[in-house]
Amino acid sequence: MIFYYNSRDLKYKNPFGAVACGKQIDFKITARDGIFVESIYLVLTKDGEDDCYYQMNYQGAEDGHSVFALSLSINDSGLYWYKFVTNTELGSFVFGKGENAELLQNAEPYSLTVYSEECFAPQTQSGGVIYQIFADRFNKGEDKACTWNKDGILKDWEQDVTIVDSDGVFRANDFYGGNLQGIIDKLDYIKGLGVTMIYLSPIFKSSSNHRYDTGDYMCIDELLGDESSLARLIAKAKEKGIGIMLDGVFNHTGSDSKYFNKLGKYDSFGAYQGIKSPYYDWYYFINYPDEYGCWWGITVTPTVNKNNESYRKFILGENGVLDKWTKFGLAGWRLDVVDELDIEFVNDIRKRVKSVDKNAYVIGEVWEDASTKIAYSKRRPYLQGNQLDGVMNYPFKNAIIDYVWNKDINKFINNIMTIYENYPLCALNSCMNFLGTHDTVRALNTFCDYNIDGTSKQDRLQIKLPEEVKSRAKEKLKLATAILYALPGLPTIFYGDEVGLEGYEDPINRRPFPWNNMDNQLLEHYKSLGKLRSKYKKAFSGTMEIFADNGLLYIIRKSADNTQNIHFIYNNSETKKQILAKNCVNCVTNKAMDGEISLKVGDFAVLKYKNV
C-alpha cells in the first residue's frame with residue numbers, strides 16, 4: 001500500500017481511542033517513497049455538520065516513507081468522523097477505515113468519540129463484578145412484610161416455569177416468592193463470587209413476575225417485602241462491599257397500574273377510566289379507551305409520554321421516583337429500553353441521580369455500539385459525558401460467543417478493539433459485560449451443541465441437556481467466562497449461570513435458582529475468576545492489550561501505575577500449544593512458573609511476571 005495509517009497504533013494516532021474535549025490529538029500518515037505527494041488532508045466532520053479540511057504537514061522521510069503529521073484539539077463533545085484525502089501525481093484518493101483500522105480506499109470514515117471529561121462516569125465499581133438477580137427467582141427468605149396478593153399462582157420452588165396458560169395466553173403470573181430477605185440471606189454466597197454490585201430486576205409493585213409492567217413506582221412489590229426490606233438489603237450489602245442497582249422502567253407502565261388502571265384494581269382515577277384522570281395525558285390514546293400506544297404492541301405495557309410535564313415531575317422532581325429511591329443509598333440505576341427514552345429525558349435522569357449521589361451509576365440497555373447508536377432517526381450521545389455512565393455491552397457478548405464457537409481470532413480481536421477504541425475508557429470500565437441475561441438464552445445452553453431445530457417452546461421447556469452435551473458446553477463456558485473476566489468493564493453473572501442452570505429463551509431462562517442441584521465444579525471456576533478480579537483490581541481498572549500469536553489469544557491488563565500486569569493466554573485453536581512462562585506466577589494456583597507449560601485445546605492460563 002502506498003499510504004499507511006492505523007488508528008489503533010499510537011505512532012499514527014495519539015492518544016488512543018476516544019478523547020476528552022480540548023486534549024491534543026496527534027495524527028500521522030506515511031506515504032511510500034517513489035510517488036510524488038502534493039498534499040494530504042485530514043477531513044474532520046462533526047456528526048450531522050459540514051466537513052472541515054486540515055492540511056497535514058510534511059515531516060521528512062522515515063524508513064523509505066514520507067511522513068505527514070497534524071496536531072489538533074476538539075473543544076466540543078460529540079461524535080466525529082474523519083478520513084484522509086491524498087493528492088498525488090496519480091490523482092486524488094480518499095481513504096477511510098478498513099479491516100483492523102488500517103486505511104482502505106473509499107471506505108467509511110473513522111469514528112472518533114469526543115467526551116466531556118469533567119462530568120464522566122464514577123469509578124467506584126471499576127474492576128468489580130456484577131451479579132444480576134431476577135428478584136422472584138433467586139431465594140425466598142423469612143420476612144413478615146411479604147404478602148401474597150396476586151392474580152396468579154404461587155409455586156413450589158422445584159416446580160417448572162409456565163410458558164403459556166391453559167387458554168394459550170402468556171401472563172407471566174406464576175410466582176415463586178423470591179424476595180429481598182432471600183437475597184440478604186445469600187449475601188455471603190454472592191460475596192464469594194467476588195461481586196461488588198447486585199443488579200436487581202424491577203422490584204416495584206406489579207402484577208407480573210418480571211415486574212417490567214410497573215403498577216406503582218412508589219411501592220416495593222408486596223411479595224418482595226417493603227421499604228424496610230430494601231433499606232436492610234442495601235445496608236447489609238454495603239457492609240460486604242456490595243452496592244445495589246435497581247432497574248428503572250420509565251418508558252411504559254403496566255395497564256394494571258395506579259396510573260392506567262385498566263382493570264380497576266387500584267384506588268385511583270386512572271387514565272383508562274376517564275379523560276379527566278390526572279394521568280390521562282401520560283399516555284398516547286388512539287381510539288379511547290382501548291386503542292393506545294404500547295411497547296412493541298403489548299397492551300399490558302402502555303407507553304408513557306416522557307415529555308409530559310406531570311410525568312417528568314413525578315419521575316425527576318424533588319421527592320419523585322428517582323429522588324426517593326436513590327436516597328436509600330443505591331449504587332445506581334439500569335435504564336430499561338433506554339433507546340425508547342428521549343435524549344433530554346435521559347439527560348435529566350442522570351442529573352437527578354447525580355444530584356443525590358455523584359457516584360451513583362446510570363447504565364443503559366443498549367444492544368449495539370453505543371457510541372454510534374441511532375434510535376428513531378436520532379443519534380444518541382450516550383457516552384459523551386452527559387448521559388450514561390456505561391451500557392450493557394452486547395457487542396462484547398456477541399464477540400465472545402462467536403469466537404468460542406468459530407475460532408476466528410482476528411475477527412474477535414477486531415470486534416473487541418472496535419468497542420475499546422470507540423468508548424471512553426472510564427465508560428467502558430462501567431459497562432456490564434455478560435454472556436446471558438433475563439432476555440437471552442442461558443449461558444450454558446448458548447454453548448451446547450444440542451440440535452433444537454424444529455422444536456416448539458414447549459419442547460424446549462422440557463429439554464434437559466444430556467451429560468456429554470453439558471460437559472462440552474461447560475468447557476466452552478469456562479473459556480468464554482475466562483475471556484469475559486479479562487476484558488475492560490464489569491463481568492456480569494446472571495443468577496444461576498455460575499452453577500449450570502439451564503434454559504432457553506424467556507421465560508425458560510428465568511427458572512428458580514437450583515440451591516439443591518448446583519454444579520460445584522463450575523461454581524469454583526466462577527469463584528476463582530472473582531478472586532482474580534478482587535486481587536488485581538487495579539489491573540482490571542487499567543488498560544488492555546490484545547493480540548494473537550501462534551494461534552493463541554493474549555489479553556494483557558495493566559494498571560495505570562504499572563504495579564499490576566496480568567497476562568491471560570487462551571488456546572481456542574485445534575491443537576495443544578506450548579508457551580514459555582519464565583519467572584512468573586500462575587495467578588489461579590499462585591504457583592511459581594519458570595519454563596514451558598502446555599495449554600490443551602480450550603484451556604487458558606493467567607500469569608503475573610515477577611518483575612512487574
Side-chain angles (χ1 to χ4, degrees), residues 1-32 37-57 66-88 90-116 366 368-375 377-385 395 399 410-411 413-425 427-428:
M1 179 181 285
I2 296 174
F3 297 98
Y4 187 80
Y5 170 81
N6 189 323
S7 64
R8 298 172 185 167
D9 188 335
L10 290 177
K11 180 179 177 181
Y12 296 91
K13 176 182 172 290
N14 192 356
F16 170 84
V19 296
C21 290
K23 188 175 181 65
Q24 180 174 301
I25 315 170
D26 298 322
F27 296 94
K28 185 168 76 172
I29 186 171
T30 61
R32 192 178 67 218
V37 178
E38 178 182 318
S39 61
I40 298 179
Y41 289 88
L42 183 146
V43 184
L44 182 70
T45 311
K46 188 174 185 180
D47 193 54
E49 298 185 5
D50 294 334
D51 295 343
C52 293
Y53 284 73
Y54 297 89
Q55 185 167 358
M56 304 187 73
N57 303 309
S66 297
V67 178
F68 295 80
L70 171 70
S71 295
L72 57 83
S73 59
I74 303 172
N75 295 320
D76 295 324
S77 63
L79 176 64
Y80 290 78
W81 306 92
Y82 68 94
K83 58 188 176 183
F84 298 92
V85 175
T86 64
N87 300 307
T88 75
L90 301 177
S92 296
F93 304 95
V94 178
F95 292 95
K97 182 180 181 180
E99 188 176 0
N100 300 319
E102 298 176 343
L103 287 180
L104 179 65
Q105 190 173 341
N106 298 325
E108 293 296 315
Y110 293 83
S111 67
L112 175 64
T113 303
V114 180
Y115 60 93
S116 176
V366 179
E368 304 84 9
D369 182 338
S371 68
T372 57
K373 169 79 176 181
I374 294 177
S377 302
K378 289 184 178 180
R379 185 77 67 182
R380 301 305 178 110
Y382 286 144
L383 302 179
Q384 295 170 18
N410 291 322
K411 179 182 178 183
I413 291 173
N414 190 49
N415 287 337
I416 295 299
M417 285 300 296
T418 296
I419 298 300
Y420 189 51
E421 188 174 15
N422 289 354
Y423 289 15
L425 184 58
L428 186 53

Distance in Å, [X] [atom1] paired with [Y] [atom2], rounded so as to fall on 0.5 Å steps:
X: Leu79; Y: Thr45; atom1: CG; atom2: OG1; answer: 10.5 Å
X: Tyr12; Y: Asp26; atom1: OH; atom2: CG; answer: 14.5 Å
X: Tyr115; Y: Ser371; atom1: OH; atom2: OG; answer: 13.5 Å
X: Ser7; Y: Lys97; atom1: OG; atom2: NZ; answer: 5.5 Å
X: Glu102; Y: Asp9; atom1: CD; atom2: CG; answer: 9.5 Å
X: Cys52; Y: Lys46; atom1: SG; atom2: NZ; answer: 11.0 Å

Query raised in the report: Looking only at atom types and distance, does a side-chain atom of Lys13 sit under 3.5 Å from a main-chain N or O of Gly17, one as donor and one as acceptor?
Result: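 Checking the backbone N and O of Gly17 against the side chain of Lys13, a donor-acceptor pair under 3.5 Å is found.
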
With heavy-atom distances below 4.5 Å as the criterion, would you say the side chains of [X] and [Y] are in contact?
X: Glu99; Y: Leu104; result: no
X: Ile419; Y: Leu428; result: yes
X: Leu383; Y: Pro424; result: yes
X: Tyr110; Y: Leu103; result: yes
X: Thr372; Y: Arg379; result: yes
X: Trp81; Y: Asp47; result: yes
X: Tyr423; Y: Asp369; result: yes
X: Tyr420; Y: Leu425; result: yes

Query raised in the report: With under 30° as parallel and over 60° as perpendicular, where do the rings of Tyr82 and Tyr5 fit, or are they tilted in between?
Result: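 Rings of Tyr82 and Tyr5: perpendicular, over 60°.
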
Query - Intermediate values then yes/no, side-chain contact (heavy atoms from CB on, under 4.5 Å), Leu112 and Val19 - result: CA-CA 8 Å; Leu112 175 64; Val19 296; 4.3 Å; yes

Write down the atom of [X], the atom of [Y], and the distance for their closest heavy-atom approach.
X: Phe68; Y: Ser66; value: CE1-CB, 3.8 Å
X: Gln24; Y: Ser71; value: NE2-OG, 3.7 Å
X: Ile25; Y: Ile74; value: CD1-CD1, 4.2 Å
X: Val67; Y: Lys28; value: CG1-CD, 3.2 Å
X: Lys83; Y: Phe95; value: CB-O, 3.3 Å
X: Phe16; Y: Glu421; value: CZ-CA, 3.7 Å

Query raised in the report: Aromatic ring centroids of Phe27 and Tyr54 under 6.0 Å?
Result: no

Requested in this report: Check whether the ring centres of Phe3 and Phe84 lie less than 6.0 Å apart, and answer yes or no.
Outcome: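 Not close enough - the centres of the two rings lie 6.0 Å or further apart.
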
Report task. Could you please spell out the steps behind the side chain to side chain donor-acceptor pair (under 3.5 Å) verdict for Thr113 and Asn422? Result -> CA-CA 6 Å; Thr113 303; Asn422 289 354; 5.5 Å; no

Requested in this report: Please step through side chain to side chain donor-acceptor pair (under 3.5 Å) for the pair Thr418 and Arg8, ending with a clear verdict.
Outcome: CA-CA 9 Å; Thr418 296; Arg8 298 172 185 167; 3.3 Å; yes

Requested in this report: Check the surroundings of atom CD in Glu108: do more than 12 heavy atoms from other residues, nucleotides or ligands lie under 6.0 Å from it?
Outcome: no

